[in-house]
Novice: 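Once you've had a glance at the structure underneath, I'll fire off some questions.
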Amino acid sequence: MVKPVIILNLKSYKEVLGENGLKTLTIIEDVAKEYPQITFVVAPNLTCLSEFARRKKRVKVYAQHADPIPVGAYTGHIPVEALKILKADGTLINHSERQVSLDIISRVISEAQRLEIDVVACGGSIDEISKIATLRPKYVAFEPPELIGTGISVSKARPEDLKKSVKVILERSGNISIPICGAGISSGEDVRLALEYGANGILVASAFVKATDKKKKLIEFASAAESAVY
Ligand code: G3P
């Protein structure tokens, strides 16, 4: 059985940059210790990625984006191989705030598979995730962009689309890709519903980053995921 995944996308939020980012990693590691039945992933800003990858213990560290180019004379790019070299575990691709073409998504997935690192390929519509799922990344994330940052969760606002996304991802990937979801998730109930509707995990950003007590909020998410599955 695949353990449910909680992916914390730290984006470029000031609250989790620099030293505050490293303190946040410690919080996530502490919660991961209490919830071994959950996979925890953190996707820090690129400026923190190397330090997160160096300090990680139980938590997986993903980039927020990668480019399908080889290492070499490419200014301002993030080669997938560079993530492997710094011991990152994977990358998001095509997040609605960092969209790329289907061809780029395909090339990043191929390169990541060659280097044995994970890919979370994001899509904002059923049509988009249907195309992405055929590329068979490890995870396909359904994230309606209009709900991102609103605190109105995909599981409460778009239950039928969420259920449909799970079906489409499994069908189009030949049961290879793992369906997950994100956007507006802010409570344990949002997490419980997402898993009840068939997602095997969630992505969350603002509800965690902006929480007055990040540890308490992450425990709320983790205990909801644990009780939904076990
Ligand atoms: O990648 C997940 C992120 O886009 C969701 O954002 O703030 O709605 O949790 P948020």
Side-chain angles (χ1 to χ4, degrees), residues 2-13 15-16 31 35 38-43 62 64-65 92-100 102 105 119-133 137-173 177-214 216-229:
V2 179
K3 295 199 294 188
V5 65
I6 294 177
I7 301 178
L8 301 157
N9 179 0
L10 306 187
K11 300 194 176 183
S12 302
Y13 283 114
E15 296 90 333
V16 285
V31 176
Y35 291 88
I38 308 286
T39 298
F40 289 84
V41 175
V42 61
Y62 286 7
Q64 295 177 9
H65 170 77
L92 308 183
I93 192 69
N94 196 48
H95 187 280
S96 63
E97 296 155 0
R98 184 70 172 82
Q99 294 182 49
V100 294
L102 196 63
I105 299 169
V119 173
V120 179
C122 304
S125 68
I126 298 294
D127 180 53
E128 192 176 18
I129 57 162
S130 173
K131 294 187 181 101
I132 290 168
K138 179 167 185 175
Y139 298 104
V140 179
F142 176 52
E143 276 212 334
E146 67 277 8
L147 295 175
I148 289 174
T150 65
I152 301 166
S153 70
V154 58
S155 31
K156 285 186 181 152
R158 303 276 293 277
E160 293 314 312
D161 280 346
L162 176 46
K163 292 173 195 171
K164 189 169 179 186
S165 75
V166 170
K167 185 170 178 294
V168 162
I169 291 164
L170 293 173
E171 280 175 2
R172 300 283 284 174
S173 71
S177 295
I178 299 168
I180 60 176
C181 67
I185 289 177
S186 52
S187 70
E189 177 66 357
D190 294 335
V191 175
R192 187 188 66 76
L193 286 172
L195 272 66
E196 184 183 313
Y197 297 154
N200 198 70
I202 56 111
L203 294 99
V204 60
S206 52
F208 173 70
V209 169
K210 305 281 186 184
T212 45
D213 185 333
K214 290 187 181 65
K216 187 176 173 202
K217 181 52 72 175
L218 188 52
I219 287 171
E220 180 184 347
F221 292 152
S223 52
E226 190 177 63
S227 55
V229 174

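Nothing here was measured: the structure is a model prediction, and the numbers come from that model. When a residue number appears, it is its place in the shown sequence, counting from 1. All heavy atoms count here, side chains included; hydrogens, waters and symmetry mates do not.
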Novice: Provide the closest heavy-atom pair for Gly188 versus Glu220 in the form atom of the first, atom of the second, distance.
Specialist: N-OE2, 2.8 Å
Novice: Excluding sequence neighbours, so at least two apart, what forms side chain to side chain contact (heavy atoms under 4.5 Å, CB included) with Ser227?
Specialist: none
Novice: Kindly check if the number of other-residue, nucleotide or ligand heavy atoms within 6.0 Å of NZ (Lys156) is above 12?
Specialist: yes
Novice: Test His95 against Glu143 for side chain to side chain donor-acceptor pair (under 3.5 Å), laying out the working first.
Specialist: CA-CA 8 Å; His95 187 280; Glu143 276 212 334; 3.1 Å; yes
Novice: How many angstroms lie between CG in Asn9 and SG in Cys122, if you round to the nearest 0.5 Å?
Specialist: 8.0 Å
Novice: Can you give me the closest heavy-atom contact between Ala133 and Val168, atom names plus distance?
Specialist: CB-O, 4.5 Å
Novice: Does Ser165 reach the main-chain N or O of Ile126 with its side chain, forming a donor-acceptor pair under 3.5 Å?
Specialist: no
Novice: Does any part of the side chain of Pro145, heavy atoms only, come nearer than 4.5 Å to the side chain of Gln99, both counted from C-beta?
Specialist: no
Novice: Answer yes or no: is there a donor N or O on one side and an acceptor on the other, between the side chain of Lys217 and the main chain of Ser186, under 3.5 Å?
Specialist: yes
Novice: In Å, rounded to the nearest 0.5 Å, how long is the span from CD1 of Ile180 to CG of Leu162?
Specialist: 11.5 Å
Novice: Using the rule given for side-chain contact (heavy atoms from CB on, under 4.5 Å), can you reason through Ile185 versus Phe221, listing the C-alpha separation, both sets of side-chain angles and the distance that settles it, and then say yes or no?
Specialist: CA-CA 9 Å; Ile185 289 177; Phe221 292 152; 4.3 Å; yes
Novice: Determine, step by step, whether Glu128 and Asn94 satisfy the side-chain contact (heavy atoms from CB on, under 4.5 Å) criterion, reporting the C-alpha distance in whole Å, the side-chain angles of both residues, the deciding distance to 0.1 Å, and the verdict.
Specialist: CA-CA 10 Å; Glu128 192 176 18; Asn94 196 48; 2.9 Å; yes
Novice: Give me the atom names and distance for the closest heavy-atom approach of Ala225 to Ile38.
Specialist: CB-CD1, 3.7 Å
Novice: So, using salt bridge (Lys or Arg N to Asp or Glu O under 4.0 Å) as the criterion, who are the partners of Glu226 when residues are at least two apart?
Specialist: none
Novice: Please report the C-alpha distance between Arg98 and Gln64 in whole Å, then the side-chain angles of each, then the deciding distance to 0.1 Å, and finally whether the side-chain contact (heavy atoms from CB on, under 4.5 Å) criterion is met.
Specialist: CA-CA 9 Å; Arg98 184 70 172 82; Gln64 295 177 9; over 6 Å; no
Novice: Locate the shortest heavy-atom distance separating Ala183 from Pro144; write the atom from each residue and the value.
Specialist: CB-O, 3.7 Å
Novice: Rounded at 0.5 Å granularity, tell me how far CD1 in Ile129 sits from OG in Ser177.
Specialist: 10.5 Å
Novice: Under the side-chain contact (heavy atoms from CB on, under 4.5 Å) criterion, do Ser173 and Val140 qualify, and how do the steps go?
Specialist: CA-CA 9 Å; Ser173 71; Val140 179; 6.0 Å; no
Novice: Using the test salt bridge (Lys or Arg N to Asp or Glu O under 4.0 Å), find all partners of Asp127 that sit at least two apart in sequence or belong to another chain.
Specialist: Lys131
Novice: To check you understand the geometry: which heavy-atom pair defines the closest contact between Ile132 and Ala121, and what is its length?
Specialist: CG2-CB, 3.4 Å
Novice: Using side-chain heavy atoms (C-beta onward) and a distance below 4.5 Å, is Ile6 in contact with Tyr35?
Specialist: no
Novice: Could you tell me the separation between the CZ atom of Phe142 and the CD1 atom of Ile169, rounded to the nearest 0.5 Å?
Specialist: 8.5 Å
Novice: To the nearest 0.5 Å, how far apart are CG in Leu92 and OH in Tyr62?
Specialist: 8.5 Å
Novice: State the NE2-CD1 distance between His65 and Ile93, to the nearest 0.5 angstrom.
Specialist: 5.0 Å
Novice: Just distance, no hydrogens or angles: give the donor-acceptor pairs under 3.5 Å from side chains in residues 200-211, sequence neighbours left out.
Specialist:
from, atom 1, to, atom 2, distance (Å)
Asn200, ND2, Lys3, O, 3.2
Lys210, NZ, Glu15, OE2, 2.8

Novice: Is there a donor-acceptor pair closer than 3.5 Å between any side-chain N or O of Ser155 and the backbone N or O of Asp190?
Specialist: yes
Novice: Residues in salt bridge (Lys or Arg N to Asp or Glu O under 4.0 Å) with Arg172, at least two apart?
Specialist: none
Novice: Just to verify, what does Lys138 make a salt bridge (Lys or Arg N to Asp or Glu O under 4.0 Å) with, not counting sequence neighbours?
Specialist: Asp118
